[in-house]
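See structure below.
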Amino acid sequence: MKKIAIIGAGISGLFIANLFKKNSNYQITIYEKNSSINLEDGYGIQLSVNSVKLLNQIEFNKFQNDKKFNPNQIDFHLIKCSEKICDLNISDFNSEDCKYTTLKRSDLVNFLKKDLESSIKTNYSISNIDQENQRIKVSFENHETFECDYLIISDGVFSKSKNLISKNKIQPRYNNTLAIRGLISNASKIDCKNISLFLGPDFHHVIYPINPNGDLNFIAIMKYELTADEQKNHSLSDDENFIKRILDNVPFETKEFLDEIKELKIFPVFVSNNFYKPKNNNIHFIGDAFFAFPPSFAQGASQSIEGAYELFKNIESNTENRFFKNRVSKTKMVNNRSKFNQFVFHLSNPLMIFLRNISLKRLVKNKRFLESYLGKIYR
Ligand SMILES: Cc1cc2nc3c(=O)[nH]c(=O)nc-3n(C[C@H](O)[C@H](O)[C@H](O)COP(=O)(O)OP(=O)(O)OC[C@H]3O[C@@H](n4cnc5c(N)ncnc54)[C@H](O)[C@@H]3O)c2cc1C
């Protein structure tokens with residue numbers, strides 16, 4: 001039996017653990033640095049059909065219907081005057097049991113961890129990776145060690161494991177944007193059945209349902225320069241002066257939503273700069289530890305799930321040497337679209353905005369374009 005150590009109990013680590021659990025040739029252990037699995041983040045997540053299809057292999061289709069939602073379309077608006085530009089029918093990519101899904105991140109994590117309780121070890125923060133010969137020895141800050149055949153690293157965008165292996169050569173970079181997120185309940189002016197995307201200069205926000213009860217997720221992405229010290233300050237999100245300064249900069253029209261928001265949180269968005277391939281063929285990165293995108297294509301969780309599935313399949317069929325190259329090519333495609341979306345959403349020149357809106361109206365109804373821009377990612 002092959003021993004697999006998984007570092008980090010986020011979406012990608014928990015999903016790959018579920019897949020290996022079904023195969024008796026593997027024994028998995030998940031090491032999580034926190035004392036419990038983080039279920040506090042009540043915010044929402046969007047899952048496109050590419051990841052829902054894979055989640056259904058572990059019976060996500062049977063997961064409680066009152067905890068997830070299937071929006072049909074994305075409505076594009078201008079923040080100014082809330083004028084609607086156009087709508088894009090995302091349900092065109094749906095099939096009978098595989099639909100674009102929105103839900104609370106905590107509900108997804110709860111679903112992913114339900115059959116794994118005995119395999120998760122909390123309070124295990126990785127401190128060293130010894131990879132002599134092909135056998136891998138992992139050490140933790142609590143002085144325990146573990147030897148394994150495969151090491152799967154899923155400890156997020158600030159991956160300490162990646163720092164250990166790359167000797168601090170690979171660091172994420174600040175994306176020059178802040179994320180403002182929170183929850184809204186029963187907002188009268190908002191469509192509770194679809195995704196509403198509001199575009200403004202250097203700013204956009206998205207509101208979408210996370211269940212059928214009228215609970216909505218609010219997420220805004222704001223262009224904002226931070227000093228090097230601010231970027232390193234991990235308690236910046238809790239600094240009241242900082243929060244006030246940011247909220248003062250939010251467009252006037254968005255402020256009406258902010259008054260209704262619960263659990264408001266502001267945090268800097270960090271993304272990956274480049275890829276890192278470990279020399280040891282039995283060590284692999286997945287999820288944000290593999291590569292973190294700007295959030296403007298809402299593909300972070302979906303790609304984490306896709307990457308986890310690909311690695312599982314590759315390890316199962318002894319073709320793990322193919323994993324890195326294949327994942328890099330899909331990741332580049334998603335990253336380019338994420339960066340392009342952010343650029344287009346944040347345009348500030350009136351002429352460019354005018355041209356963007358005309359193009360958007362045409363492109364969202366152009367099947368060939370949608371098949372190429374979204375279909376290549378979603379299918
Ligand atoms: C503003 C914003 C909005 C987003 N919106 C969406 C969206 O709508 N749709 C979407 O698909 N994606 C979205 N994403 C991206 C998505 O949240 C991430 O891509 C996804 O959660 C990554 O999952 P992960 O498992 O790789 O990492 P994480 O979820 O970050 O999990 C990492 C785990 O590793 C643990 N860990 C960390 N360090 C150690 C250590 N040293 N030792 C042991 N354990 C450790 C952590 O505690 C954590 O449990 C968004 C991201 C941002 C920033």
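Both ligands and their constituent atoms are indexed starting at 1 by order of listing.
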Check your understanding: CD1/Ile6 to CG/Asp155 distance, rounded to the nearest 0.5 angstrom?
Key -> 12.0 Å
Exercise for review: Could you name the protein residues that come within less than 4.0 Å of ligand 1, counting only heavy atoms, and order them by chain and residue number?
Suggested key: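 Answer by chain and number: Ile7, Gly8, Ala9, Gly10, Ile11, Ser12, Tyr31, Glu32, Lys33, Asn34, Ile45, Gln46, Arg105, Tyr124, Ser125, Ile126, Ser154, Asp155, Gly156, Lys160, Ala179, Arg181, Tyr208, Ile219, Phe267, Gly287, Asp288, Pro295, Ala298, Gln299, Gly300, Ala301, Ser302, Ser304.
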Check your understanding: Do Glu147 and Lys3 meet the salt-bridge criterion of a basic N to acidic O distance under 4.0 Å?
Key ->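 Judged by the 4.0 Å cut-off on N to carboxylate O distance, Lys3 and Glu147 do not form a salt bridge.
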Exercise for review: Walk me through it: do Gln342 and Asn175 pass the test side chain to side chain contact (heavy atoms under 4.5 Å, CB included)?
Suggested key: CA-CA 11 Å; Gln342 185 175 303; Asn175 186 44; 3.2 Å; yes
Exercise for review: Return the set of residues passing side chain to side chain donor-acceptor pair (under 3.5 Å) with Asp248 (not counting sequence neighbours), or none when no residue passes.
Suggested key: Lys244
Check your understanding: Under a 4.5 Å side-chain heavy-atom rule over Ile, Leu, Val, Met, Phe, Trp and Tyr, are Leu370 and Phe340 clustered together?
Key -> yes
Review point. Taking the six-membered ring of Phe60, is the NZ or CZ of Lys68 close enough (under 6.0 Å from the centre) and on axis enough (within 45°)?
Key: yes
